[in-house]
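Remarks on the structure that follows.
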Number of protein chains: 2
Amino acid sequence: MSYPDYVKLVEVGPRDGLQNEKSQVPTEVKVELVNRLAAAGFANVEAGSFVSPKWVPQMADSAAVMGAIERRQGTIYSVLTPNMKGFEAAVEAGADEVLIFGAASEAFSQKNINCSIAESIERFAPVARAAHDAGIRLRGSISCSLGCPYQGEVAPEAVVDVARRYLDLGCVEVDVADTIGVGTPRQTAAVMAAVARVVPVERIAGHFHDTYGQSLANIVAAMQVGVAIFHASVAGLGGCPYAKGATGNVATEDVLYMLHGMGIRTGVDLDAVVGIGLWISQRIGRRNESRAGNALAAREAAACR
Amino acid sequence: MSYPDYVKLVEVGPRDGLQNEKSQVPTEVKVELVNRLAAAGFANVEAGSFVSPKWVPQMADSAAVMGAIERRQGTIYSVLTPNMKGFEAAVEAGADEVLIFGAASEAFSQKNINCSIAESIERFAPVARAAHDAGIRLRGSISCSLGCPYQGEVAPEAVVDVARRYLDLGCVEVDVADTIGVGTPRQTAAVMAAVARVVPVERIAGHFHDTYGQSLANIVAAMQVGVAIFHASVAGLGGCPYAKGATGNVATEDVLYMLHGMGIRTGVDLDAVVGIGLWISQRIGRRNESRAGNALAAREAAACR
């Protein structure tokens with residue numbers, strides 16, 4: 001079985017992880033979180049979101065976060081930008097990479113942003129042009145790539161179609177996102193292989209949620225078709241608006257434990273991430289959802305006795 | 001990628017799952033648990049343990065449980081038997097299958113049962129002979145097949161050596177058990193492939209714990225080398241004495257969700273198992289550790305509103 005030698009991890013905890021937290025997380029906590037994650041060795045830290053604070057109040061301070069963090073050489077600080085207003089704020093804040101997002105499900109696109117998939121992507125064209133002109137990396141996320149809370153199944157061709165549009169817009173990376181965590185390994189392999197027919201596989205990222213506990217199995221399946229970029233969230237920060245009380249993004253510690261155990265390099269210090277996971281969970285009063293994080297912390301505690 | 005069409009699941013919740021519970025679970029709850037699991041379609045339900053009640057007080061009522069359950073046609077009711085005394089009690093109780101257990105780690109064998117691996121397996125010889133004479137299925141479990149809390153790494157050859165001894169004793173199934181949940185997919189595939197060189201692959205079972213969240217990824221890796229029997233525990237019942245507070249056996253619901261999503265038959269009714277998981281977790285006051293179980297229950301609850 002062939003696996004990549006190196007996997008690039010995008011740590012999405014500060015954005016996708018925190019954005020659904022009900023109580024406002026203090027700006028200084030977000031700043032410390034981003035700084036500690038960058039120091040742990042992530043190639044890319046998703047640091048915030050320049051959406052309307054009416055939609056996502058938790059991310060209202062993203063400019064302040066970006067302004068206060070220490071910029072670490074070699075780390076890409078990425079942010080979400082839905083439109084030109086968000087893009088301009090992101091540039092102002094010094095983002096290295098901006099993330100645009102559409103869905104592979106027409107039903108989701110209509111319900112979520114009240115327009116078709118094609119329209120939603122056309123709306124990103126000015127952002128894409130501006131990013132190109134400003135020399136800022138553009139990344140495109142495809143929501144509901146493995147299933148939709150409204151329409152159920154999503155055809156791989158629908159995912160491929162969005163991926164092709166993203167390439168045309170100049171995206172350097174295309175994120176195949178299982179927004180609601182419903183996918184299983186065979187389907188994951190099939191969708192990744194389909195996308196790899198239009199996007200060079202080294203530019204495809206897998207974004208999995210552990211709603212049904214399937215993420216690591218899906219990452220294995222994705223790696224077997226050549227995908228070598230994955231998103232993860234420290235302590236499994238995040239949730240699922242479509243399954244109350246369910247777990248969120250796959251926990252970074254679980255991914256790191258698996259990859260390092262498989263001899264795959266990431267450049268990330270697992271022990272440091274375990275410490276960050278314990279700290280942020282305690283700091284925001286949330287259960288640490290990382291199984292590897294909890295087990296390694298317990299082992300550490302036992303060794304100290 | 002090739003996967004089996006059918007996977008046989010051994011539901012170990014009533015034994016491996018419950019055995020570490022601190023408060024005594026009432027006999028009638030265990031009986032209901034076994035009955036409901038059998039009705040959900042499991043080919044094999046591990047129903048109890050005939051070890052000394054001094055070692056495992058939670059299992060002291062296994063004879064009473066076996067005596068009170070409804071026997072479902074087609075279900076194998078298996079129990080753990082460390083010695084002839086346990087075996088005789090198991091026969092008396094009407095067990096269909098007895099389980100013997102040794103370790104692949106010398107350090108674990110010495111610390112746990114105060115003898116070498118070879119000695120521990122010799123001690124099972126009378127049980128094996130008696131099982132053969134009585135026409136009772138014999139199953140052998142290899143603890144610490146992917147790592148040991150005392151010695152750390154375990155060589156695949158050590159696992160193969162125990163597997164070979166089990167075959168010689170007449171075991172119809174050999175369980176490759178990651179007792180402390182430390183294994184990752186590449187290692188799992190390597191160990192399973194090594195064991196498959198001496199044991200026909202259709203007689204190898206994978207027994208994974210979710211201590212580090214690796215179970216489903218390991219099941220995928222094991223299936224890719226042909227393994228098609230797996231152990232799982234409803235609601236993820238169980239724990240890890242070597243990592244306090246860590247999760248236990250892989251949750252049956254998560255395994256079922258994955259297998260059915262991959263188009264692999266199990267004969268088990270996932271919805272029924274989700275219901276059993278909710279019931280037993282609530283009944284014994286324990287968090288339901290199945291991610292698929294919790295998500296499916298949340299989806300169900302939302303649909304009912």
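Residue numbers begin at 1 in each chain, while the letters A, B, ... track the order of the sequences. Everything numeric in this text was worked out from a predicted model, so none of it was measured.
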Nearest-0.5 Å distance that lies between atom CG in B:Asn218 and atom NE2 in B:His207: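 If I round to the nearest 0.5 Å, the distance is 12.5 Å.
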Winner by heavy-atom pair count (cut-off under 4.5 Å) against chain B, out of A:Val225, A:Thr188, A:Ile219, A:Asp254: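 Option with the top pair count is A:Asp254.
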So, [X] side chain and [Y] main chain: donor-acceptor pair closer than 3.5 Å or not?
| X | Y | value |
| --- | --- | --- |
| B:Thr179 | B:Cys144 | yes |
| B:Glu11 | B:Val234 | yes |
| A:Ser233 | A:Ala251 | no |

Given a strict heavy-atom distance threshold of 4.5 Å, which part of [X] is in contact with chain A: side chain, backbone, both, or neither?
| X | value |
| --- | --- |
| B:Val182 | both |
| B:Ile180 | neither |
| B:Glu253 | neither |
| B:Gln214 | both |

Toward chain B, the part of A:Leu296 with a non-hydrogen atom under 4.5 Å: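 Answer is both: backbone and side chain atoms of A:Leu296 are under 4.5 Å from chain B.
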Parallel, tilted or perpendicular: ring planes of A:Tyr212 versus B:Tyr257, cut at 30 and 60 degrees: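 Ring orientation of A:Tyr212 relative to B:Tyr257: parallel.
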